[in-house]
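Read the numbers this way: they start at 1 and go in the same order the structure lists the ligands and their atoms. In this chain, numbering begins with 1 at the start of the sequence shown.
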Amino acid sequence: MEHRSFAPGKVILLGEHAVVYGHPALAGPLQWGVRARAKGARRPKLEVPPSLRGASRTALLEAFDRAAAAAGSPKVSVSLESQLPVSMGLGSSAAVSVAIARVLLDAAGRPATVAAVTQLAAEMEREFHGTPSGVDHTCVARGELIAFRRREERSPHVRALASPRALELVVAFAGERPPTRRTVEALRLRQGRWGARYRRLFEQIGAVATEGIAAVEAGDVEALGDAMNVNHGLLAALGLTSPAIDGLVHVLRGYGALGAKLTGAGGDGGAVIGLFAEPAAAVRRLRRLGVACFASQLPAARKT
Ligand code: PMV
């Protein structure tokens, strides 16, 4: 018997990094993602794509072993097919974790509820990221727009958001970037040295995220766009941008983005997002510049 699953990638619209320190974040699923397929085998096994080498390969194999053991060691061989670029801030590791968690639970005959999938994916994400806030795999496992807040010693506070308007995003790539773990650790060192200053910036990001979440629920995309612009400025103040990232943010704003910012860990490159009323023209113009990009929509909540 064969088991199949799909898990989307994600974008953080507001609040990355500050979310690690307990502030709110806004995240939503992409239309692209990762497919997993599990077929009967003698023991749990992952077919790692040949393109994945070195530390990433080892981390994926270790994460899989950990998840397979936690799922009761179902006798399956799992293969993956990803539409997401690796280590670009689009939740590729979270999508891999969630897609694998779903097929492992199915194969083990256990209900693949959102809670069970989230828990198993968290095990894998710890292998990839060390101490992730949980926003990535929570958003990916739920597959919906969420407000997320990490809490000490308790499970995070997660709320699904009903946006009355569709959110049209352009995702563009600003080149390679360091692994999330390294960017998060370097920021932790800076905030350890200059605690009060960094705490103020995290609090500001939290406040902007709270305002942006309210704007989404009110259908005020202009206010969400402004919150994204301010959030980008705060991420720059935290030392998380680069000339490539900032350049692309300004190009997106020049093409009429209501808001534009880096998404995910940032650092040197990675993905940048722009919120648009009409994304198609921006995608065409970016491609003409030779910038890899795509459009993705976070659909409006259905009226009941
Ligand atoms: O790995 P990325 O680029 O999707 O970034 C994750 C978001 C961070 O806030 C930077 C880290 C975290 O654990 O939340």
Original post:
Quick one: do the H129 and D136 side chains pair a donor with an acceptor below 3.5 Å?
Top reply: no
Original post:
Mind checking what residues have non-hydrogen atoms under 4.0 angstrom from ligand 1?
Top reply: K10, I12, E16, H17, V19, V20, G89, H129, P132, S133, V135, D136, R177, T180, G264, A265
**OP:** Would you check if R287 and R285 make a side-chain contact, meaning some heavy-atom pair closer than 4.5 Å?
**Re:** no
Just to verify, what does [X] make a salt bridge (charged side-chain N to carboxylate O under 4.0 Å, His left out) with, not counting sequence neighbours?
X	answer
E211	none
R149	none
R37	E2

**OP:** Indicate yes or no: does R159 engage E217 in a salt bridge with an N to O separation below 4.0 Å.
**Re:** yes
